[in-house]
Amino acid sequence: MKNTISLIAMLLIFTISLSACSFLQMTPPTTVPTEPATIMEPTPPPTDPPTLPPVPPIDATASIVYDLKNHKYLHQQSSQTKIAPASITKLLTACLALDHLKTDDAITVGSELNLLQPNSSVCLLAPGHRLTVLDLLYGLLLQSGNDAAYTLAVNVARKDTANDNMGNSDAVAHFITMMNAFAQEIGMKNSHFVSPDGYDTPEQYVTADDVLLLAMKAKQYPVINMITATQKKDMKFLSGETITWTSTNLFLDPASAYHNPYVVGMKTGTTENAGTCLLTSYNDGDYDLIVFVAGCKTDDSRYVETSTLITWAIQ
């Protein structure tokens, strides 16, 4: 009897052991994940970037809109056509002046003013006026003075050649050589300069694409950015004369119908061959644009057409 009970007990223990092993084999071990499971989202099909609508019609003979943030053209019209540069040239003159002279250098205006062409735009300099290079740059870029352009040109050339006695004509000729070398260095392959102020002559020309390169280079100079963003400046020369210079750019004038608070430069230009031109730097925080229009029919139309292009580009 005892043997029978022992046998039954052993069978029960064996059966329970088998059941426990089967349960352990069927139940996976519990583990703690080291990181959350990744849920794969479906990949959307590629889409083309949004495109701008067609450019509204404008009357400029050449125009561009360039997106500085994304480094691409938004608009090009006749951008490789040779056009007269007018006073856009003065940005190049300013770059060379800043490369070779110090802004606090004192300069005395002299007989180089005799080289001015008839009906030149001037900032009313006279022989004997003594002022700094910075002052001359304000006269060059704010008031668009051809007289400031010639005074800067001869002084840059004399500094470059270490010849303080170089004659005016030779100095201007040397400066023009420097201008064309500088233009080539920054990639302006389809432009040629023969004066520091941009006065009309058939041998002097640029393209809108080259103007963009000049604008991008000029924007690397903080002094140029400061001056071309200024609307009015009260000046006092080292020789004691006082004068107020006002920007020719109506985008900067709060009293103008064309005032735009996001325009931060750069330069106007007007000659018979060039028509009215306007090179604009626009930055509203979201958009950073360079806009250029050339060959506009009137002073007003260059602002209207530039505004049209800006509105189109930022919509």
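In this text the structure is predicted, and so the values were computed from the model without any measurement.
Thr246 has its side chain out of reach of Leu142: every pair of non-hydrogen atoms, C-beta onward, lies at least 4.5 Å apart. Between Asp209 and Leu213, every side-chain heavy-atom pair lies at or beyond the 4.5 Å cut-off. Counting heavy atoms from C-beta on, the side chains of Met266 and Thr280 never come closer than 4.5 Å. Between Leu116 and Asp147 there is a side-chain heavy-atom pair separated by less than 4.5 Å. Counting only heavy atoms from C-beta outward, the side chains of Val291 and Leu279 never approach each other to under 4.5 Å. Residues Ile290 and Lys219 are in side-chain contact: their nearest non-hydrogen atoms beyond the backbone lie under 4.5 Å apart. The side-chain heavy atoms of Leu212 and Met216, taken from C-beta on, include a pair separated by under 4.5 Å. You'll find the side chain of Ser169 reaches within 4.5 Å of the side chain of Leu115, heavy atoms only.
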For Lys267 and Ile88, run side-chain contact (heavy atoms from CB on, under 4.5 Å): C-alpha distance rounded to whole Å, both residues' side-chain angles, the deciding distance at 0.1 Å, then the answer.
CA-CA 6 Å; Lys267 190 70 189 74; Ile88 306 300; 4.1 Å; yes

Trace of the side chain to side chain donor-acceptor pair (under 3.5 Å) decision for Thr132 with Asp135
CA-CA 5 Å; Thr132 66; Asp135 293 340; 3.2 Å; yes

List the steps, then state whether side chain to side chain donor-acceptor pair (under 3.5 Å) holds for Thr244 with Asp234.
CA-CA 4 Å; Thr244 298; Asp234 293 325; 2.7 Å; yes

Show your working on side chain to side chain donor-acceptor pair (under 3.5 Å) between Asp300 and Thr298 and close with a plain yes or no.
CA-CA 5 Å; Asp300 287 341; Thr298 66; 5.4 Å; no

Intermediate values then yes/no, side chain to side chain donor-acceptor pair (under 3.5 Å), Ser87 and Lys90:
CA-CA 5 Å; Ser87 288; Lys90 290 167 184 168; 3.0 Å; yes

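Nearest heavy-atom pair across Asp210 and Gly187 is OD1-O, 3.9 Å. Summarising the geometry of Ala60 relative to Val293, their closest heavy-atom pair is CB-CB, 4.1 Å, with the distance given to 0.1 Å. Looking at every heavy atom in both residues, Ala94 comes nearest to Ile224 through CB-CD1, 3.9 Å. Here the closest heavy-atom approach between residue Pro127 and residue Gly110 is recorded as CG-O, 4.0 Å. Closest of all the heavy-atom pairs between Thr151 and Val154 is O-CG2, 3.4 Å. Closest of all the heavy-atom pairs between Ser144 and Ser121 is O-OG, 2.7 Å.
Atom CD1 of Ile83 and atom SG of Cys277 lie 6.0 Å apart (nearest 0.5 Å). Note that CG of Leu125 is 10.0 Å distant from CD of Glu241, once rounded to the nearest 0.5 Å. Asn119 contributes atom CG, which lies 10.5 Å from atom CG of Asn146 (distance to the nearest 0.5 angstrom). From Leu101, atom CG reaches atom CG of Leu134 across 12.0 Å, with rounding to the nearest 0.5 Å. Note: Lys233 NZ to Ile243 CD1 = 14.0 Å, rounded to the nearest 0.5 Å. Asn283 contributes atom CG, which lies 6.5 Å from atom NZ of Lys69 (distance to the nearest 0.5 angstrom).
Within 6.0 Å of NZ on Lys189 lie more than 12 heavy atoms contributed by other residues, nucleotides or ligands. Other residues, nucleotides and ligands contribute only 12 or fewer heavy atoms inside 6.0 Å of the CD atom of Glu272. Shown here is Lys72, whose NZ atom has no more than 12 heavy atoms of other residues, nucleotides or ligands within 6.0 Å.
Every residue meeting the salt bridge (charged side-chain N to carboxylate O under 4.0 Å, His left out) condition with Asp299, not counting sequence neighbours, appears here in chain and number order: Arg302.
Looking only at distances, a side-chain donor or acceptor of His192 sits under 3.5 Å from a matching main-chain atom of Glu203. When atom types are taken as modelled, the side chain of Thr201 and the backbone of Gln204 share no donor-acceptor pair closer than 3.5 angstrom. Judged by distance alone, with hydrogens and angles left aside, the side-chain atoms of Lys159 form a donor-acceptor pair with the main-chain N or O of His100 at under 3.5 Å. Between the side chain of Glu185 and the backbone N or O of Ala183, no donor-acceptor pair lies under 3.5 Å. In this structure, Trp245 contributes its side chain and Met235 its backbone to no donor-acceptor pair below 3.5 Å. At least one donor-acceptor pair closer than 3.5 Å links the side chain of Thr276 to the backbone N or O of Cys296. At distances below 3.5 Å, not a single donor-acceptor pair connects side-chain atoms of Ser256 with backbone N or O atoms of Asp253. Counting only distance, with no hydrogens or angles, the side chain of Asn163 and the backbone of Arg158 share no donor-acceptor pair below 3.5 Å. Using a distance-only test at 3.5 Å, with no hydrogens or angles considered, a donor-acceptor pair links the side chain of Thr93 to the main chain of Pro196.
Counting only residues at least two apart or on different chains, the ring-ring contact (aromatic ring centres under 6.0 Å, His included) pairs with a member in residues 288-313 are Phe251-Tyr303, Tyr258-Tyr303. Legend: ring-ring contact (aromatic ring centres under 6.0 Å, His included) pairs involving residues 113-154, not counting sequence neighbours, sorted by first then second residue: His129-Phe237.
Under 3.5 Å, the side chains of Gln231 and Ser247 contain no donor-acceptor pair of N or O atoms.
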